[in-house]
Amino acid sequence: MAGARKLPMTAVFALQSPIELCALPRLARIGQIRRHVYSRASCSWARRDVITRSNPCAILRSVEIRHAPRLAGFSTCCVRRSKQEEGASTSKQIKETPPTTTNNLATTLKSKLKLPVVKHENIYNLPNFLTLTRLIATPIVGYLIIHNHHLYAFSLFTYAAVSDLLDGWIARKWKLQTVVGSVVDPMADKFLMTTLITCLAVNGSLPMPLFVLILGRDASLAISALYYRYASLPAPKTMARYWDFSLPSAEVHPTTISKFNTFLQLSLLGTLLCTNLLHDPSATTSAAGGLLMSIQDTLGGEAGVRTLVQGMSAVVATTTVYSGLEYTWSKKAVVILGGDEALKRKQGFRGRMIMASGFGSFIALAAWLWYNEAARKEAEETVERK
């Protein structure tokens with residue numbers, strides 16, 4: 001069978017044209033080059049071999065066009081074409097990959113990486129709205145106190161106190177508690193307290209040592225709260241995420257003595273506002289003026305009112321010091337969210353130390369002011385006796 005495929009040289013010469021016969025001596029050289037070139041284009045040579053057997057001059061024409069000395073470039077072209085075909089097949093396989101495989105891979109990666117899931121809360125509710133209105137009303141109350149509009153200041157203060165009680169009751173009744181509410185609600189209370197004690201201290205209604213104690217406790221809590229927020233915020237720690245209160249990072253749980261102290265402070269401030277009403281003509285001449293004067297007479301006149309204010313101030317000073325110091329040793333007052341218990345203990349210790357150092361400095365300052373004021377009063381009484 002193999003011998004039947006071979007043709008005599010005369011038959012080959014007869015089949016070819018005169019131009020092709022002139023190029024036949026180059027076939028041997030091409031065959032030699034073919035035998036020695038075994039590159040990645042060998043598959044292409046196999047296909048060329050089939051064409052050569054069927055038509056021996058077809059490969060000759062291609063060589064004549066490409067020139068025999070550049071035969072190495074032919075192998076490179078085959079390699080490039082094979083790479084293109086391989087890349088095309090790979091991209092086709094990628095395109096044909098079902099989407100379920102990609103989804104399963106993403107799920108597997110997430111489960112292995114254990115990425116933290118950040119939960120967003122619905123902060124737009126009625127309790128938080130009432131807290132916001134209390135924040136807005138606070139600077140207005142301070143402005144009215146400084147400018148001796150005590151009747152309007154007392155009315156707005158009453159609204160702030162009622163809204164403080166109302167938003168907590170609504171949040172518990174309809175289960176609208178949020179982490180941002182647990183942070184912003186005491187913050188609004190502290191802002192109101194700070195504004196009131198500052199304005200009343202400027203008017204001389206509030207003793208300066210008590211003003212330093214209350215202000216120092218609130219300032220120390222605020223500084224430690226800023227640290228707690230930064231330390232417990234999940235990465236990345238950016239300014240936008242820091243002030244995004246829908247991203248909870250720590251919970252504040254006021255202690256029992258702290259709640260009682262807040263109630264006593266509000267009572268003292270309300271009493272001071274009522275005593276200021278006795279010096280406001282618009283309040284004494286109003287419909288409630290007679291009631292105010294009767295209450296003053298019941299307490300023993302101006303001296304009785306002064307004694308009541310001093311007693312309440314002493315109680316408030318005691319509860320303020322105790323409640324502030326309790327935040328330095330209580331580990332349940334501020335709960336940091338997260339799963340790393342060692343990091344949470346470290347952050348909690350640092351926050352309590354910040355609170356202790358800050359509030360301790362204010363206690364020392366208040367004691368020094370109280371001592372100087374007591375010494376001054378004693379000196380005045382000595383001078384009067386002489």
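Just so you know, these numbers come straight off a predicted model, no measurement behind them.
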Item checked: Salt-bridge criterion met for Lys377 and Glu373 (N-O under 4.0 Å) -> yes
Check: Which pair of heavy atoms, one from Ile354 and one from Ile223, lies closest together, and at what distance?
Finding: CG2-CG2, 3.8 Å
Item checked: OH (Tyr152) with more than 12 external heavy atoms under 6.0 Å -> no
Notebook entry, point to check: Which atom names give the shortest non-hydrogen contact between Gly181 and Asn128, and what distance separates them?
Noted result: CA-OD1, 3.7 Å
Notebook entry, point to check: Would you say the side-chain atoms of Asp164 pair up with the backbone N or O of Asp189, donor to acceptor, closer than 3.5 Å?
Noted result: no
Note to self: Just checking Phe129: does its CZ atom have more than 12 heavy atoms from other residues, nucleotides or ligands closer to it than 6.0 angstrom?
What the structure shows: no
Margin query: With a 6.0 Å cut-off (strictly less than), is the heavy-atom count around OH of Tyr227, excluding the residue itself, greater than 12?
Written below: yes
Note to self: If you count every heavy atom of other residues, nucleotides or ligands that lies below 6.0 Å from Glu380 atom CD, does the total exceed 12?
What the structure shows: yes
Margin query: Suppose we screen for ring pair (Phe, Tyr, Trp, His ring centres under 6.0 Å). Which residues come up paired with Phe260, at least two apart in sequence or across chains?
Written below: none
Checklist line | Ser361 side chain vs Ser357 backbone, donor-acceptor pair below 3.5 Å | finding: yes
Next item on the list: For residues Val305 and Gln296, report the shortest heavy-atom separation together with the two atoms involved.
Entry: CG2-CG, 4.0 Å
Notebook entry, point to check: So, do Leu192 and Leu269 sit near enough that their side-chain heavy atoms are less than 4.5 Å apart?
Noted result: no
Margin query: For the OG atom of Ser282 and the NE2 atom of His150, what is their distance to the nearest 0.5 Å?
Written below: 8.5 Å
Notebook entry, point to check: Can you name the closest pair of heavy atoms from Thr298 and Ser294 and give their distance?
Noted result: OG1-O, 2.8 Å
Next item on the list: For the pair Phe157 and Phe154, name the ring-plane relationship: parallel under 30°, tilted 30 to 60°, perpendicular over 60°.
Entry: tilted
Check: Between Glu326 and Ser258, does a side chain to side chain donor-acceptor pair (under 3.5 Å) hold up when you go through it step by step?
Finding: CA-CA 9 Å; Glu326 189 176 13; Ser258 179; over 6 Å; no
Item checked: Criterion side-chain contact (heavy atoms from CB on, under 4.5 Å) against Asp167, the qualifying member of Asn125, Thr131, Leu126 -> Thr131
Note to self: Minimum heavy-atom separation for Phe191 and Pro139, please, with both atom names.
What the structure shows: CE2-CD, 4.0 Å
Check: Which atom names give the shortest non-hydrogen contact between Tyr327 and Met355, and what distance separates them?
Finding: CB-CG, 4.1 Å
Next item on the list: Check side-chain hydrogen bond (donor to acceptor under 3.5 Å, both in side chains) between Ser220 and all other residues, then give those that pass, not counting sequence neighbours.
Entry: none
Next item on the list: Flag yes if more than 12 heavy atoms outside Glu302 fall under 6.0 Å of its CD atom; otherwise flag no.
Entry: no
